[in-house]
S.K.: 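Dumping the structure here so I can ask a few things about it.
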Amino acid sequence: MNFELTKEQQMIRDMVRDFAEKEIAPNARHVDQTEEFPIDTFKKMGELGFLGIPFPEKYGGVGGDTISYAIAVEEVGRACGSTGLSYAAAVSLGASPIYYFGTEEQKQKYLVPLASGETLAAFGLTEPNAGSDAGGTRTKAVLDGDEYVINGEKCFITNAEFARTITVTAVTGKDERGKNIISAIIVPTNTPGLTINSNYEKLGVRGSNTCEIVLEDVRVPKENLLGDPNTGFKQFLYTLDGGRISIASLSVGIAQAALEKALNYAKERTQFGQNISKFQAIQFKLADMAMEIELARNMVQKAAWLKDNGKPFTKESAYAKLFASEAGFRACNQAIQIHGGYGYMREYDVERYLRDIKLMEIGEGTSEIQRLVIARQLGC
Ligand SMILES: Cc1cc2nc3c(=O)[nH]c(=O)nc-3n(C[C@H](O)[C@H](O)[C@H](O)COP(=O)(O)OP(=O)(O)OC[C@H]3O[C@@H](n4cnc5c(N)ncnc54)[C@H](O)[C@@H]3O)c2cc1C
(Lines give C-alpha, C1' and ligand atoms only; values in the text may rest on other atoms or scores of the structure.)
Protein backbone atom coordinates (compact mmCIF):
# COMPACT_ATOMS: atom_id res chain seq x y z
CA MET A 1 0.00 0.00 0.00
CA ASN A 2 1.29 3.39 -1.00
CA PHE A 3 0.93 6.32 1.38
CA GLU A 4 1.29 8.85 -1.40
CA LEU A 5 -1.60 9.45 -3.75
CA THR A 6 -0.93 8.73 -7.40
CA LYS A 7 -1.00 11.60 -9.90
CA GLU A 8 -4.45 10.53 -11.05
CA GLN A 9 -5.79 10.36 -7.49
CA GLN A 10 -4.36 13.82 -6.74
CA MET A 11 -5.94 15.18 -9.90
CA ILE A 12 -9.34 13.82 -8.94
CA ARG A 13 -8.96 15.22 -5.40
CA ASP A 14 -8.03 18.67 -6.69
CA MET A 15 -10.84 18.75 -9.21
CA VAL A 16 -13.51 17.59 -6.75
CA ARG A 17 -12.20 19.93 -4.01
CA ASP A 18 -12.27 22.89 -6.36
CA PHE A 19 -15.84 22.14 -7.46
CA ALA A 20 -16.98 21.38 -3.91
CA GLU A 21 -15.58 24.63 -2.52
CA LYS A 22 -17.00 26.76 -5.33
CA GLU A 23 -20.34 25.08 -6.04
CA ILE A 24 -21.35 22.84 -3.14
CA ALA A 25 -20.22 24.56 0.07
CA PRO A 26 -21.95 27.90 -0.63
CA ASN A 27 -25.26 26.02 -0.99
CA ALA A 28 -24.88 23.73 2.05
CA ARG A 29 -26.77 25.87 4.55
CA HIS A 30 -29.61 26.44 2.09
CA VAL A 31 -29.90 22.74 1.34
CA ASP A 32 -30.04 21.98 5.06
CA GLN A 33 -32.61 24.62 5.91
CA THR A 34 -34.95 24.13 2.94
CA GLU A 35 -34.48 20.34 2.59
CA GLU A 36 -34.20 20.96 -1.15
CA PHE A 37 -32.39 18.19 -2.99
CA PRO A 38 -29.50 19.84 -4.89
CA ILE A 39 -30.47 18.46 -8.28
CA ASP A 40 -28.58 21.13 -10.26
CA THR A 41 -25.40 20.31 -8.35
CA PHE A 42 -25.87 16.63 -9.26
CA LYS A 43 -26.30 17.52 -12.92
CA LYS A 44 -22.98 19.37 -12.85
CA MET A 45 -21.29 16.60 -10.88
CA GLY A 46 -22.56 14.17 -13.51
CA GLU A 47 -21.16 16.28 -16.35
CA LEU A 48 -17.77 16.39 -14.60
CA GLY A 49 -17.72 12.59 -14.29
CA PHE A 50 -17.99 12.42 -10.48
CA LEU A 51 -20.76 9.82 -10.62
CA GLY A 52 -18.63 7.53 -12.73
CA ILE A 53 -15.30 7.67 -10.89
CA PRO A 54 -15.02 3.96 -9.94
CA PHE A 55 -16.52 2.55 -13.16
CA PRO A 56 -14.69 1.64 -16.39
CA GLU A 57 -14.85 4.00 -19.35
CA LYS A 58 -16.70 1.41 -21.42
CA TYR A 59 -19.64 1.83 -19.03
CA GLY A 60 -19.58 5.62 -19.14
CA GLY A 61 -17.25 5.94 -16.13
CA VAL A 62 -13.90 7.57 -15.50
CA GLY A 63 -11.95 4.37 -14.85
CA GLY A 64 -10.71 5.48 -11.43
CA ASP A 65 -10.16 3.31 -8.39
CA THR A 66 -11.94 3.06 -5.03
CA ILE A 67 -9.32 5.29 -3.38
CA SER A 68 -10.11 8.07 -5.89
CA TYR A 69 -13.82 7.62 -5.31
CA ALA A 70 -13.34 7.68 -1.50
CA ILE A 71 -11.35 10.91 -1.81
CA ALA A 72 -14.15 12.42 -3.91
CA VAL A 73 -16.75 11.49 -1.28
CA GLU A 74 -14.57 13.05 1.42
CA GLU A 75 -14.27 16.29 -0.52
CA VAL A 76 -17.99 16.50 -1.29
CA GLY A 77 -18.80 15.67 2.35
CA ARG A 78 -16.39 18.32 3.59
CA ALA A 79 -18.49 20.84 1.65
CA CYS A 80 -21.98 19.47 2.41
CA GLY A 81 -23.10 16.35 4.30
CA SER A 82 -26.45 16.13 2.48
CA THR A 83 -24.85 16.26 -0.97
CA GLY A 84 -22.18 13.84 0.24
CA LEU A 85 -24.71 11.27 1.41
CA SER A 86 -26.70 11.39 -1.81
CA TYR A 87 -23.48 11.17 -3.81
CA ALA A 88 -22.19 8.16 -1.84
CA ALA A 89 -25.58 6.42 -2.09
CA ALA A 90 -25.88 7.11 -5.83
CA VAL A 91 -22.50 5.53 -6.58
CA SER A 92 -22.08 2.85 -3.89
CA LEU A 93 -25.68 1.69 -3.58
CA GLY A 94 -27.36 2.81 -6.81
CA ALA A 95 -24.81 2.09 -9.52
CA SER A 96 -22.28 -0.30 -7.95
CA PRO A 97 -24.49 -3.41 -7.55
CA ILE A 98 -25.33 -3.19 -11.26
CA TYR A 99 -21.62 -2.94 -12.04
CA TYR A 100 -20.70 -5.83 -9.70
CA PHE A 101 -23.48 -8.25 -10.59
CA GLY A 102 -25.28 -7.04 -13.72
CA THR A 103 -25.29 -8.79 -17.09
CA GLU A 104 -23.65 -6.97 -19.99
CA GLU A 105 -27.10 -5.94 -21.19
CA GLN A 106 -28.10 -4.58 -17.75
CA LYS A 107 -24.84 -2.64 -17.57
CA GLN A 108 -25.40 -1.07 -20.96
CA LYS A 109 -29.01 -0.24 -20.19
CA TYR A 110 -28.77 0.88 -16.55
CA LEU A 111 -25.16 1.52 -15.55
CA VAL A 112 -24.08 3.67 -18.50
CA PRO A 113 -26.63 6.47 -17.79
CA LEU A 114 -25.69 6.33 -14.09
CA ALA A 115 -21.92 6.42 -14.56
CA SER A 116 -22.18 9.19 -17.12
CA GLY A 117 -24.24 11.20 -14.65
CA GLU A 118 -27.43 11.34 -16.71
CA THR A 119 -29.51 10.02 -13.85
CA LEU A 120 -29.40 8.52 -10.34
CA ALA A 121 -30.32 5.12 -8.90
CA ALA A 122 -31.29 3.93 -5.44
CA PHE A 123 -30.96 0.75 -3.42
CA GLY A 124 -33.97 -0.47 -1.46
CA LEU A 125 -33.03 -2.93 1.23
CA THR A 126 -34.44 -1.53 4.49
CA GLU A 127 -38.06 -2.23 5.38
CA PRO A 128 -40.20 -1.05 8.29
CA ASN A 129 -39.62 -4.43 10.01
CA ALA A 130 -36.26 -5.36 8.52
CA GLY A 131 -33.43 -2.91 9.22
CA SER A 132 -30.31 -4.37 10.83
CA ASP A 133 -31.90 -7.77 10.32
CA ALA A 134 -31.99 -7.49 6.54
CA GLY A 135 -32.56 -11.24 6.33
CA GLY A 136 -36.03 -10.49 7.68
CA THR A 137 -37.04 -8.94 4.34
CA ARG A 138 -40.79 -9.34 3.75
CA THR A 139 -41.08 -7.87 0.26
CA LYS A 140 -41.94 -10.72 -2.09
CA ALA A 141 -41.34 -11.22 -5.81
CA VAL A 142 -43.29 -13.98 -7.50
CA LEU A 143 -42.56 -15.16 -11.02
CA ASP A 144 -45.63 -14.96 -13.25
CA GLY A 145 -44.75 -16.02 -16.80
CA ASP A 146 -41.93 -13.74 -17.93
CA GLU A 147 -42.42 -11.19 -15.17
CA TYR A 148 -41.76 -10.77 -11.47
CA VAL A 149 -44.71 -9.42 -9.51
CA ILE A 150 -43.39 -7.52 -6.51
CA ASN A 151 -45.30 -6.55 -3.37
CA GLY A 152 -43.89 -4.93 -0.25
CA GLU A 153 -42.67 -1.80 1.44
CA LYS A 154 -39.26 -0.15 1.82
CA CYS A 155 -38.25 2.73 4.07
CA PHE A 156 -35.46 5.32 4.37
CA ILE A 157 -34.34 4.88 0.75
CA THR A 158 -31.87 7.55 -0.37
CA ASN A 159 -32.40 9.34 -3.72
CA ALA A 160 -35.46 7.28 -4.72
CA GLU A 161 -37.53 10.29 -5.83
CA PHE A 162 -34.77 11.38 -8.20
CA ALA A 163 -33.79 7.91 -9.37
CA ARG A 164 -34.56 6.23 -12.67
CA THR A 165 -34.21 2.77 -11.12
CA ILE A 166 -34.33 1.26 -7.65
CA THR A 167 -32.69 -2.07 -6.98
CA VAL A 168 -35.00 -3.70 -4.45
CA THR A 169 -34.38 -6.80 -2.43
CA ALA A 170 -37.22 -9.31 -2.25
CA VAL A 171 -37.90 -12.88 -1.20
CA THR A 172 -38.11 -15.01 -4.35
CA GLY A 173 -38.36 -18.49 -2.82
CA LYS A 174 -37.02 -20.93 -0.22
CA ASP A 175 -33.75 -22.84 -0.24
CA GLU A 176 -33.38 -26.55 0.53
CA ARG A 177 -33.20 -25.74 4.27
CA GLY A 178 -36.47 -23.83 4.10
CA LYS A 179 -34.77 -20.43 4.48
CA ASN A 180 -35.90 -17.46 2.41
CA ILE A 181 -33.95 -16.77 -0.77
CA ILE A 182 -33.48 -13.02 -1.12
CA SER A 183 -32.78 -11.65 -4.58
CA ALA A 184 -32.19 -8.18 -5.95
CA ILE A 185 -34.37 -6.85 -8.77
CA ILE A 186 -33.98 -3.66 -10.80
CA VAL A 187 -37.25 -1.72 -10.78
CA PRO A 188 -37.62 1.32 -13.09
CA THR A 189 -39.26 4.07 -11.03
CA ASN A 190 -41.94 4.70 -13.67
CA THR A 191 -43.34 1.17 -13.27
CA PRO A 192 -47.09 1.15 -12.41
CA GLY A 193 -47.77 0.14 -8.81
CA LEU A 194 -44.65 1.82 -7.41
CA THR A 195 -45.28 4.72 -5.02
CA ILE A 196 -42.49 6.90 -3.68
CA ASN A 197 -43.00 9.44 -0.85
CA SER A 198 -40.47 11.60 0.90
CA ASN A 199 -42.30 12.91 3.94
CA TYR A 200 -39.60 12.32 6.54
CA GLU A 201 -38.49 15.26 8.67
CA LYS A 202 -34.86 14.50 9.40
CA LEU A 203 -32.38 15.61 12.07
CA GLY A 204 -29.53 15.98 9.58
CA VAL A 205 -28.54 15.34 5.96
CA ARG A 206 -31.80 17.16 5.37
CA GLY A 207 -31.11 17.98 1.73
CA SER A 208 -30.51 14.34 0.91
CA ASN A 209 -33.66 12.74 -0.49
CA THR A 210 -34.98 9.95 1.77
CA CYS A 211 -38.06 7.98 0.74
CA GLU A 212 -40.69 5.48 1.64
CA ILE A 213 -41.55 3.08 -1.16
CA VAL A 214 -44.66 0.97 -1.59
CA LEU A 215 -44.74 -1.78 -4.22
CA GLU A 216 -48.20 -3.02 -5.16
CA ASP A 217 -48.27 -5.68 -7.86
CA VAL A 218 -45.25 -4.07 -9.52
CA ARG A 219 -44.43 -6.05 -12.67
CA VAL A 220 -40.93 -6.12 -14.13
CA PRO A 221 -39.45 -8.44 -16.78
CA LYS A 222 -37.66 -11.43 -15.27
CA GLU A 223 -34.46 -10.20 -16.98
CA ASN A 224 -34.38 -7.42 -14.36
CA LEU A 225 -33.20 -9.86 -11.72
CA LEU A 226 -29.69 -8.80 -10.71
CA GLY A 227 -26.99 -11.45 -10.66
CA ASP A 228 -27.48 -14.91 -9.25
CA PRO A 229 -31.00 -15.28 -7.78
CA ASN A 230 -29.73 -17.64 -5.08
CA THR A 231 -26.96 -15.41 -3.78
CA GLY A 232 -28.84 -12.11 -3.57
CA PHE A 233 -28.12 -11.92 0.18
CA LYS A 234 -24.37 -12.29 -0.37
CA GLN A 235 -24.55 -9.72 -3.16
CA PHE A 236 -25.99 -7.04 -0.97
CA LEU A 237 -23.55 -7.85 1.84
CA TYR A 238 -20.76 -7.21 -0.67
CA THR A 239 -22.50 -4.03 -1.83
CA LEU A 240 -22.73 -2.84 1.79
CA ASP A 241 -19.04 -3.63 2.40
CA GLY A 242 -18.22 -1.23 -0.45
CA GLY A 243 -20.79 1.31 0.70
CA ARG A 244 -19.22 1.37 4.16
CA ILE A 245 -15.99 2.68 2.67
CA SER A 246 -17.92 5.64 1.28
CA ILE A 247 -19.82 6.31 4.53
CA ALA A 248 -16.49 6.23 6.37
CA SER A 249 -15.08 8.67 3.84
CA LEU A 250 -18.07 10.95 4.19
CA SER A 251 -17.55 10.93 7.97
CA VAL A 252 -13.92 11.96 7.43
CA GLY A 253 -15.04 14.81 5.16
CA ILE A 254 -17.60 16.20 7.61
CA ALA A 255 -15.17 15.84 10.53
CA GLN A 256 -12.43 17.58 8.53
CA ALA A 257 -14.77 20.51 7.92
CA ALA A 258 -15.52 20.64 11.66
CA LEU A 259 -11.80 20.62 12.50
CA GLU A 260 -11.05 23.44 10.06
CA LYS A 261 -13.89 25.60 11.43
CA ALA A 262 -12.88 24.92 15.04
CA LEU A 263 -9.20 25.65 14.40
CA ASN A 264 -9.94 28.93 12.63
CA TYR A 265 -12.36 29.96 15.34
CA ALA A 266 -9.91 29.08 18.14
CA LYS A 267 -7.27 31.27 16.50
CA GLU A 268 -9.66 34.23 16.30
CA ARG A 269 -11.65 34.07 19.53
CA THR A 270 -10.13 35.96 22.46
CA GLN A 271 -10.96 35.31 26.12
CA PHE A 272 -8.94 36.22 29.19
CA GLY A 273 -6.78 38.42 26.98
CA GLN A 274 -5.58 35.73 24.59
CA ASN A 275 -6.73 33.51 21.74
CA ILE A 276 -8.52 30.45 23.04
CA SER A 277 -6.13 28.37 20.85
CA LYS A 278 -3.48 29.20 23.45
CA PHE A 279 -5.36 27.28 26.14
CA GLN A 280 -4.05 23.75 26.45
CA ALA A 281 -7.59 22.44 26.99
CA ILE A 282 -8.53 23.69 23.51
CA GLN A 283 -5.24 22.58 21.94
CA PHE A 284 -5.74 19.04 23.20
CA LYS A 285 -9.23 18.89 21.71
CA LEU A 286 -7.88 20.04 18.33
CA ALA A 287 -4.96 17.61 18.52
CA ASP A 288 -7.26 14.68 19.25
CA MET A 289 -9.61 15.69 16.44
CA ALA A 290 -6.76 15.98 13.92
CA MET A 291 -5.22 12.67 14.98
CA GLU A 292 -8.48 10.71 14.83
CA ILE A 293 -9.41 12.19 11.45
CA GLU A 294 -6.01 11.24 10.03
CA LEU A 295 -6.33 7.73 11.42
CA ALA A 296 -9.85 7.39 10.02
CA ARG A 297 -8.66 8.59 6.60
CA ASN A 298 -5.87 6.00 6.61
CA MET A 299 -8.36 3.28 7.54
CA VAL A 300 -10.61 4.32 4.65
CA GLN A 301 -7.72 4.24 2.22
CA LYS A 302 -6.54 0.84 3.42
CA ALA A 303 -10.03 -0.65 2.98
CA ALA A 304 -10.27 0.96 -0.47
CA TRP A 305 -6.82 -0.34 -1.41
CA LEU A 306 -7.76 -3.88 -0.36
CA LYS A 307 -10.93 -3.68 -2.47
CA ASP A 308 -9.01 -2.36 -5.48
CA ASN A 309 -6.51 -5.18 -5.15
CA GLY A 310 -9.13 -7.91 -5.02
CA LYS A 311 -8.37 -8.81 -1.39
CA PRO A 312 -10.95 -9.40 1.37
CA PHE A 313 -12.04 -6.09 2.87
CA THR A 314 -15.16 -6.86 4.92
CA LYS A 315 -13.39 -6.39 8.26
CA GLU A 316 -11.43 -3.33 7.19
CA SER A 317 -14.45 -1.55 5.73
CA ALA A 318 -16.34 -2.22 8.99
CA TYR A 319 -13.33 -0.93 10.98
CA ALA A 320 -13.20 2.20 8.83
CA LYS A 321 -16.95 2.88 8.96
CA LEU A 322 -17.21 2.28 12.70
CA PHE A 323 -14.15 4.30 13.64
CA ALA A 324 -14.64 7.16 11.18
CA SER A 325 -18.30 7.69 12.12
CA GLU A 326 -17.69 7.57 15.87
CA ALA A 327 -14.47 9.62 15.77
CA GLY A 328 -16.19 12.02 13.37
CA PHE A 329 -19.10 12.43 15.76
CA ARG A 330 -16.66 13.20 18.59
CA ALA A 331 -14.87 15.75 16.39
CA CYS A 332 -18.09 17.53 15.42
CA ASN A 333 -19.21 17.59 19.05
CA GLN A 334 -15.88 19.12 20.12
CA ALA A 335 -16.09 21.66 17.29
CA ILE A 336 -19.29 22.97 18.88
CA GLN A 337 -17.62 22.98 22.31
CA ILE A 338 -14.70 25.02 20.95
CA HIS A 339 -17.18 27.52 19.51
CA GLY A 340 -18.96 27.85 22.87
CA GLY A 341 -22.42 29.41 22.58
CA TYR A 342 -21.79 30.47 19.00
CA GLY A 343 -21.37 26.82 18.07
CA TYR A 344 -24.98 26.28 19.06
CA MET A 345 -26.12 28.80 16.45
CA ARG A 346 -26.85 27.87 12.85
CA GLU A 347 -24.70 30.51 11.24
CA TYR A 348 -21.49 28.89 12.48
CA ASP A 349 -22.28 25.59 10.64
CA VAL A 350 -20.78 23.29 13.28
CA GLU A 351 -24.20 22.32 14.69
CA ARG A 352 -25.12 21.16 11.15
CA TYR A 353 -22.00 19.00 11.01
CA LEU A 354 -23.04 17.23 14.21
CA ARG A 355 -26.59 16.69 12.94
CA ASP A 356 -25.31 15.42 9.59
CA ILE A 357 -22.64 13.09 10.94
CA LYS A 358 -25.00 11.33 13.35
CA LEU A 359 -26.46 9.45 10.37
CA MET A 360 -23.06 7.85 9.71
CA GLU A 361 -23.38 5.82 12.94
CA ILE A 362 -26.74 4.46 11.68
CA GLY A 363 -26.84 4.12 7.87
CA GLU A 364 -25.31 1.12 6.03
CA GLY A 365 -25.25 -0.82 9.28
CA THR A 366 -25.30 0.76 12.72
CA SER A 367 -22.21 0.91 14.93
CA GLU A 368 -23.54 -2.13 16.80
CA ILE A 369 -23.80 -4.07 13.54
CA GLN A 370 -20.25 -3.04 12.53
CA ARG A 371 -19.02 -4.50 15.84
CA LEU A 372 -20.93 -7.71 15.07
CA VAL A 373 -19.36 -7.86 11.58
CA ILE A 374 -15.89 -7.36 13.05
CA ALA A 375 -16.47 -9.94 15.79
CA ARG A 376 -17.62 -12.46 13.17
CA GLN A 377 -14.51 -11.76 11.10
CA LEU A 378 -12.45 -12.43 14.23
CA GLY A 379 -14.07 -15.87 14.38
CA CYS A 380 -16.47 -15.27 17.28
C1 LIG B 1 -31.12 9.12 6.22
C2 LIG B 1 -31.12 7.64 5.99
C3 LIG B 1 -30.79 7.12 4.75
C4 LIG B 1 -30.84 5.75 4.51
N5 LIG B 1 -30.62 5.26 3.24
C6 LIG B 1 -30.87 3.95 2.97
C7 LIG B 1 -30.85 3.44 1.61
O8 LIG B 1 -30.56 4.17 0.66
N9 LIG B 1 -31.18 2.14 1.41
C10 LIG B 1 -31.50 1.29 2.42
O11 LIG B 1 -31.80 0.13 2.15
N12 LIG B 1 -31.52 1.73 3.72
C13 LIG B 1 -31.22 3.03 4.01
N14 LIG B 1 -31.27 3.50 5.31
C15 LIG B 1 -31.62 2.57 6.38
C16 LIG B 1 -30.48 2.25 7.34
O17 LIG B 1 -29.52 1.45 6.71
C18 LIG B 1 -31.12 1.59 8.58
O19 LIG B 1 -31.81 2.61 9.26
C20 LIG B 1 -30.10 0.93 9.48
O21 LIG B 1 -29.53 -0.18 8.86
C22 LIG B 1 -30.70 0.51 10.82
O23 LIG B 1 -31.90 -0.18 10.67
P24 LIG B 1 -33.18 0.26 11.54
O25 LIG B 1 -33.34 1.73 11.33
O26 LIG B 1 -34.32 -0.61 11.19
O27 LIG B 1 -32.76 0.04 13.04
P28 LIG B 1 -32.91 -1.32 13.88
O29 LIG B 1 -32.31 -2.45 13.12
O30 LIG B 1 -34.29 -1.46 14.36
O31 LIG B 1 -31.95 -1.01 15.11
C32 LIG B 1 -32.36 -0.32 16.29
C33 LIG B 1 -31.22 -0.41 17.30
O34 LIG B 1 -31.00 -1.79 17.66
C35 LIG B 1 -29.65 -2.13 17.43
N36 LIG B 1 -29.56 -3.52 17.01
C37 LIG B 1 -30.29 -4.15 16.03
N38 LIG B 1 -29.89 -5.41 15.92
C39 LIG B 1 -28.89 -5.60 16.81
C40 LIG B 1 -28.06 -6.72 17.18
N41 LIG B 1 -28.17 -7.89 16.55
N42 LIG B 1 -27.14 -6.54 18.15
C43 LIG B 1 -27.00 -5.33 18.76
N44 LIG B 1 -27.75 -4.25 18.46
C45 LIG B 1 -28.68 -4.40 17.51
C46 LIG B 1 -29.19 -1.18 16.32
O47 LIG B 1 -27.79 -1.07 16.29
C48 LIG B 1 -29.88 0.11 16.73
O49 LIG B 1 -29.14 0.74 17.73
C50 LIG B 1 -31.17 4.87 5.57
C51 LIG B 1 -31.44 5.38 6.85
C52 LIG B 1 -31.44 6.74 7.07
C53 LIG B 1 -31.80 7.25 8.44
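On a predicted model such as this, the values are computed, not experimentally measured, just so you know. As the structure lists them, so they are numbered: ligands from 1, and atoms in each ligand from 1.
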S.K.: Give the residue and atom name of whichever protein heavy atom lies nearest to atom 43 (C) of ligand 1, and the separation in Å to one decimal.
M.R.: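 Answer, as residue, atom name and distance: E368 CB, 3.9 Å.
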S.K.: Checking contacts here: is it the side chain or the backbone of L359 that comes within 4.0 Å of ligand 1, counting heavy atoms only? Could be both or neither.
M.R.: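 Under 4.0 Å from ligand 1, L359 contributes side-chain atoms alone.
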S.K.: If we only count N/O pairs under 3.5 Å, is T158 in contact with ligand 1?
M.R.: yes
S.K.: Are any non-hydrogen side-chain atoms of F233 and K179 less than 4.5 angstrom apart?
M.R.: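 Counting from C-beta outward, F233 and K179 never come under 4.5 Å.
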S.K.: Answer yes if the side chains of S208 and S82 hold a donor-acceptor pair under 3.5 Å, and no otherwise.
M.R.: no
S.K.: Who's the nearest protein heavy-atom neighbour of atom 39 (C) of ligand 1, and how far?
M.R.: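 Looking at atom 39 (C) of ligand 1, the protein heavy atom closest to it is I369 CD1, 4.0 Å.
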S.K.: Can a donor-acceptor pair be found between the side chains of K154 and T126 at a distance below 3.5 Å?
M.R.: no
S.K.: Is atom 33 (C) of ligand 1 close to the protein, meaning a heavy atom under 4.0 Å from it?
M.R.: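 Within 4.0 Å: no protein heavy atom nearby.
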S.K.: Give the residue and atom name of whichever protein heavy atom lies nearest to atom 48 (C) of ligand 1, and the separation in Å to one decimal.
M.R.: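 Protein heavy atom with the smallest distance to atom 48 (C) of ligand 1: T366 CG2, 4.1 Å.
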S.K.: With respect to H339, which candidate in Y344, Y265, Y353 satisfies the ring-ring contact (aromatic ring centres under 6.0 Å, His included) definition?
M.R.: Y265
S.K.: When you measure from atom 40 (C) of ligand 1 to each heavy atom in L240, N209, L372, T167, which option holds the nearest one?
M.R.: L372
S.K.: List the closest protein heavy-atom neighbour of atom 17 (O) of ligand 1: residue, atom name, distance to the nearest 0.1 Å.
M.R.: E364 N, 3.4 Å
S.K.: Run the ring-ring contact (aromatic ring centres under 6.0 Å, His included) check on Y238 and F313 step by step: do they pass?
M.R.: CA-CA 9 Å; Y238 183 84; F313 64 99; 5.6 Å; yes
S.K.: If we ignore hydrogens and angles and just use 3.5 Å, is the side chain of E127 paired with the main-chain N or O of R138 as donor and acceptor?
M.R.: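 At least one qualifying donor-acceptor pair exists.
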S.K.: Mark up the atoms of ligand 1 that fall under 4.0 Å of a heavy atom belonging to I157, in ascending order.
M.R.: 7 (C), 8 (O), 9 (N), 10 (C), 11 (O)
S.K.: Give me the one residue out of I247, L240, I369 that meets side-chain contact (heavy atoms from CB on, under 4.5 Å) with K321.
M.R.: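 Looking at I247, L240, I369, the match for K321 under the side-chain contact (heavy atoms from CB on, under 4.5 Å) is I247.
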S.K.: Residue-level breakdown please: for K154 versus ligand 1, do any non-hydrogen atoms fall below 4.0 Å on the side chain, on the backbone, on both, or on neither?
M.R.: neither
S.K.: After noting the C-alpha distance and the side-chain angles of R17 and D14, does the key distance pass the salt bridge (Lys or Arg N to Asp or Glu O under 4.0 Å) rule?
M.R.: CA-CA 5 Å; R17 181 175 292 175; D14 294 347; 5.4 Å; no
S.K.: Check L125 against ligand 1 and report side chain, backbone, both or neither, counting heavy atoms closer than 4.0 Å.
M.R.: both
S.K.: Step through it carefully: locate the ring centre of F50, locate the ring centre of F42, and say whether they are under 6.0 Å apart.
M.R.: no
S.K.: Using heavy-atom distances, let me know which of S86, S132, C155, G94 sits nearest atom 36 (N) of ligand 1.
M.R.: S132
S.K.: Give the single entry among Y200, F123, F156, F236 that approaches atom 50 (C) of ligand 1 most closely by any heavy atom.
M.R.: F156
S.K.: Of all the non-hydrogen atoms in the protein, which one sits nearest to atom 12 (N) of ligand 1, and at what distance?
M.R.: T126 OG1, 2.7 Å
S.K.: Among all protein heavy atoms in this structure, tell me which lies nearest to atom 20 (C) of ligand 1, with the distance rounded to 0.1 Å.
M.R.: I362 O, 3.5 Å
S.K.: Is a donor from one side chain sitting under 3.5 angstrom from an acceptor on the other, for D65 and Q9?
M.R.: yes
S.K.: Measure the distance from atom 24 (P) of ligand 1 to every protein heavy atom, then report the residue, atom name and distance (to 0.1 Å) of the closest one.
M.R.: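 I find the closest protein heavy atom is G131 CA, 3.9 Å.
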